[in-house]
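Chain A is the first sequence line, chain B the second, and so forth, proteins listed ahead of strands; every chain is numbered from 1. Since the structure is predicted, the reported quantities are computational estimates derived from the model, not experimental observations.
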There are 4 protein chains.
Amino acid sequence: MMATTRQRLLDAAERVLRTKGLAAASTREIAREAGCADGTLYNHFRDRADLFVAIFLEKLLPDYWEVLSKLSYRIGEGTVQAHLEELAQIALAFYYKAAPMRAALFAEPELLQRYREALKSQAQIRQQERPAPLLAAYLRAEQRLGRVAVQANPTIAAEALFGTCASYALRQCFLGESPTSEADRQFVLELVRSLMEGLSPREPSI
Amino acid sequence: MMATTRQRLLDAAERVLRTKGLAAASTREIAREAGCADGTLYNHFRDRADLFVAIFLEKLLPDYWEVLSKLSYRIGEGTVQAHLEELAQIALAFYYKAAPMRAALFAEPELLQRYREALKSQAQIRQQERPAPLLAAYLRAEQRLGRVAVQANPTIAAEALFGTCASYALRQCFLGESPTSEADRQFVLELVRSLMEGLSPREPSI
Amino acid sequence: MMATTRQRLLDAAERVLRTKGLAAASTREIAREAGCADGTLYNHFRDRADLFVAIFLEKLLPDYWEVLSKLSYRIGEGTVQAHLEELAQIALAFYYKAAPMRAALFAEPELLQRYREALKSQAQIRQQERPAPLLAAYLRAEQRLGRVAVQANPTIAAEALFGTCASYALRQCFLGESPTSEADRQFVLELVRSLMEGLSPREPSI
Amino acid sequence: MMATTRQRLLDAAERVLRTKGLAAASTREIAREAGCADGTLYNHFRDRADLFVAIFLEKLLPDYWEVLSKLSYRIGEGTVQAHLEELAQIALAFYYKAAPMRAALFAEPELLQRYREALKSQAQIRQQERPAPLLAAYLRAEQRLGRVAVQANPTIAAEALFGTCASYALRQCFLGESPTSEADRQFVLELVRSLMEGLSPREPSI
DNA sequence: GATGAATGAGTATTCATTCAT
DNA sequence: TATGAATGAATACTCATTCAT
């Protein structure tokens, strides 16, 4: 079952990107990793930037998007906390993979711009929402059902959930730590619990 | 008042890094921006990586560190919420400046490694703590004073505060948005409020 | 009849090497001399060292090796002296061309190492012998036929023949003298005669 | 007993030259090895070439010259063979040290030229003879005393003695072999014996 | 579609040398 | 004398991309 050349290039590029970094992910290096000639890349992608954008749009994001889009089916079911835990778990795994690569894009503003534009047009085509707004919408729905505190700010809560996971994953990558399922799982559980609970001391209820 | 050549190089490098990105921050470009010859850079820095590490260690982090280190003097004073708001404000401003540059380091693993090592040795020399542990320590102290809920998790709360700010700033930069004091200020206030409050609905206290 | 790019590079490199010296034989200079772009060199050679090694292995040594390898066919034919004269002549011509280039390699130990290794692997592949051992083997064969004195040391004689020619050529190059066929021819004849005769005074045979 | 700065530079330069090669013997590297500032070199030598020429003229050659100049005192004393053996021994030791450095000069024609000119003017100033002519003169004197065969060619014999030693030493250096006193001593003895004896079979003296 | 040679601008870094201190 | 910052040209090599096959 021979993979298509285009797919081999995408896979090779992601591998190089992950292991050697964006700066070392030259078209030649990628071609070598994919086992094809230098020029072949240009039969499948407009240029180097196009290839990297495709990695995100075709390899990294789809799975993540799919999970996120199912959130709306859960409204009113199970417990909010359980849903957040599951979601945070998935988000963390995604960020471990994707965050360092996305961060690297900041090294090449032109690439970043191309990625931004690609995301924007994808959003239009597939009516794709970014993760935080999707989660915020879910939380608002639960809020209407009385399963989330009325004084809570769903937008910020969603931002905090994803933001904390993303930063945590990026820092772990920076420190060279690989994901350790147990510690990471604990982190996620504690994070969700904290978001549910808050810091303010409760007045004793009589 | 002529700045020292070394300082001119540091300033120029930061400017190039911020405006054109790491990949375009070549030694030549930096030298040109600093108004000195190509080779001069190497009279003041061991190599390109050394220069970038110096930008973080000498230009970006010191101010931030100083603010953070003063946290311990605030224990028991004012309100916890007010301190968190002030801190988040400062952190956000810092991340707007520093996060895109730090993110870009992921494009060059060797550079990232050098930065990691430099941070580590600085930590030993100056007994520098990373931001989150510092904040967590403060929260634990307040917890002991009963000004933070006993069931709260200071470590996670600190992680969430900084993580959310960092991710928010990085996304704003990604979207090409420049810091808008009012919207950002609102974000920070809401974030702190959310962290204080939590999502769980409160039982009516009769 | 267009020469291949690789060959043009080899020729150009040898020309530059001979006329301007190893230190001035930069990749750029060679590319310019070959009439191709800077980068083209790297489509045909792994690096600069690889190119120089190729000059010796593909341009300079093969002809010389071929002559040397035919020595064994001469055993017992003609006179030993005539064979040595012919060989010394050829060796001298070779050294005029190759000795200054080989000497220059001592300026760059890494290059020297690469050349040494290349020679070694060639020796295995082509069962190539170095000149002196080849000549020594021939002399030993002639010795067995009684055409070389039994008390002679073929190894040393071979060493002396080539060594003297090599040193002579190198000194001539050092002095800026170009090969002058007549003087050099005389030198070779006298050298061979001397090696045949020896310095010790002969007892009068009566 | 502090060495003069000039001497420290000479020593450092020779060390660098021997261990890292001419190409790596930059003025900066030498200054670092000598433990002085970059610019100091230019207080003692006109330029880089001047320093290298001085190494030969002041450090390497004087001892060797002194030995050679004493040859004339030996005329008629001891045996010719013993004198040649001693001389070859000394020459070989000298070439082990000096030959790779001299060879390297061929990499930089300008340097070679400067060395050539320096040698020439030294020859005038100190009436210095090159080794081979000195030895040839000695041999001619012995020839007149009947201690060297009349049909011998002193010029060529001298050339062969030094040339063979020089080539042998250079090849050993090329192969990365360090001087092994015993093998080298054997080589020298055999070389002298061979030069005395010759290759031609002797007619049985009845 | 696939190839891989050719391009020439671009990279980080080193160089010998100067000169004000 | 000694210093070491400044110079700017030079170094080997890599780059994304093109295009004839």
Side-chain angles (χ1 to χ4, degrees), chain A residues 4-6 8-9 23-32 34-51 108 110, chain B residues 4-6 9 23-32 34-51 108 110-111, chain C residues 4-6 9 23-32 34-51 108 110-111, chain D residues 4-6 8-9 23-32 34-51 108 110:
Chain A
T4 162
T5 301
R6 187 189 150 89
R8 272 180 22 239
L9 280 165
S26 64
T27 55
R28 189 159 308 174
E29 181 69 20
I30 291 165
R32 212 166 56 83
C36 66
D38 285 11
T40 302
L41 192 153
Y42 292 87
N43 292 322
H44 299 277
F45 302 94
R46 189 151 64 80
D47 56 17
R48 179 175 175 263
D50 192 31
L51 169 60
E108 303 187 31
E110 193 193 311
Chain B
T4 166
T5 301
R6 188 189 148 90
L9 280 164
S26 65
T27 56
R28 196 178 318 248
E29 182 66 22
I30 291 166
R32 210 170 59 81
C36 66
D38 285 12
T40 301
L41 193 153
Y42 294 88
N43 289 324
H44 300 278
F45 301 94
R46 190 152 62 80
D47 55 18
R48 181 175 173 264
D50 192 32
L51 169 60
E108 302 187 30
E110 196 193 308
L111 209 44
Chain C
T4 167
T5 302
R6 187 191 149 91
L9 280 164
S26 64
T27 56
R28 197 180 319 251
E29 182 67 20
I30 291 166
R32 210 170 59 82
C36 66
D38 285 12
T40 301
L41 194 153
Y42 294 89
N43 289 323
H44 300 277
F45 301 94
R46 190 151 62 79
D47 54 19
R48 182 176 174 262
D50 191 31
L51 170 59
E108 303 186 30
E110 196 193 307
L111 210 44
Chain D
T4 161
T5 301
R6 187 190 149 90
R8 272 182 20 239
L9 280 164
S26 64
T27 55
R28 189 158 307 174
E29 182 68 20
I30 291 165
R32 211 165 58 82
C36 65
D38 285 11
T40 302
L41 192 153
Y42 293 86
N43 292 322
H44 300 278
F45 302 93
R46 188 152 64 79
D47 56 17
R48 179 175 175 264
D50 192 31
L51 169 60
E108 302 187 30
E110 194 193 309

> Within this structure, what is the CZ-to-P distance between C/Arg32 and E/dG8, rounded to whole angstrom?
Replying inline: 15 Å

> Within a reach of under 6.0 Å around CD of D/Glu29, are more than 12 heavy atoms found that belong to other residues, nucleotides or ligands?
Replying inline: yes

>> Need to verify one output field. Residue with the more 5' nearest nucleotide on DNA chain E, D/Ala49 or C/Ala37?
In response: C/Ala37

> What integer distance in Å separates A/Arg6:CZ from E/dG1:C1'?
Replying inline: 14 Å

> Which heavy-atom pair separates A/Asp50 from A/Phe45 by the least distance, and what is that distance?
Replying inline: OD2-CA, 3.5 Å

>> Between the side chains of D/Glu108 and D/Arg48, is the shortest nitrogen-to-carboxylate-oxygen separation below 4.0 Å, so that they form an ion pair?
In response: yes

>> So which atom in B/Ala31 and which in B/Ala37 form the shortest heavy-atom distance, rounded to 0.1 Å?
In response: CB-O, 3.8 Å

> Rounding to a whole Å, what distance do you find between D/Asp38:CG and E/dT14:C1'?
Replying inline: 12 Å

> Can you check the D/Arg46 CZ to E/dA16 P distance for me, whole Å?
Replying inline: 16 Å

> Of all heavy-atom pairs between D/Thr40 and D/Thr5, which one has the smallest distance, and what is that distance?
Replying inline: CG2-CG2, 3.8 Å

> Of the non-hydrogen atoms in D/His44 and D/Arg6, which two are nearest, and what is the gap between them?
Replying inline: O-NH1, 3.3 Å

>> Starting the side chain at C-beta, find the nucleotide from E/dG1, F/dT7, F/dG4 nearest to A/His44.
In response: E/dG1

> Which atom names give the shortest non-hydrogen contact between A/Leu41 and A/Leu9, and what distance separates them?
Replying inline: CA-CD1, 3.8 Å

>> If you assign C/Ala24 and D/Leu41 each to the DNA chain F nucleotide with the nearest heavy atom, which residue ends up on the more 5' nucleotide?
In response: D/Leu41

> Given F/dC13, F/dA5, F/dT3, which nucleotide is nearest the side-chain atoms of C/Tyr42?
Replying inline: F/dC13

> Hey, is the side chain of C/Thr5 poking within less than 4.0 Å of OP1 or OP2 on E/dA6, counting only N and O atoms?
Replying inline: yes

>> Should the side chain of B/Asn43 and the base of F/dA6 be counted as holding a donor-acceptor pair, with the cut-off at 3.5 Å?
In response: yes

>> Output the rounded distance in Å from CD (B/Glu110) to C1' (E/dT13).
In response: 13 Å

>> Measuring from the side chain of B/Asp47 (C-beta onward, heavy atoms only), which nucleotide among F/dC13, F/dG4, E/dT13 has the closest atom?
In response: E/dT13

>> How many whole angstroms separate atom CZ of D/Arg28 from atom P of F/dT7?
In response: 13 Å

>> Reading DNA chain F from 5' onward, which residue's closest nucleotide shows up sooner: B/Gly35 or C/Arg48?
In response: B/Gly35

> Within the structure shown, what part of the strands sits under 4.0 Å from B/Thr27 by heavy-atom distance: base, sugar-phosphate, or nothing?
Replying inline: base

>> At 4.0 Å (heavy atoms only), tell me whether A/Ser26 reaches a base, stays on the sugar-phosphate, or touches nothing.
In response: sugar-phosphate

>> The side chain of C/Thr40 is closest to which nucleotide in this list: E/dA6, E/dT11, E/dG8?
In response: E/dA6

> Starting at CG of C/Leu9 and ending at C1' of E/dA5, how long is that distance when rounded to a whole Å?
Replying inline: 12 Å

>> Show me, range against range, the stems involving DNA chain F, built from at least 3 consecutive Watson-Crick or G-U pairs below 3.5 Å.
In response: E:2-21 with F:2-21

> For B/Glu29 and E/dA12, what is the distance between atoms CD and P respectively, to the nearest whole Å?
Replying inline: 10 Å

> Ignoring hydrogens and geometry, is there a side-chain-to-backbone donor-acceptor pair from D/Arg8 to D/Ala34 under 3.5 Å?
Replying inline: yes

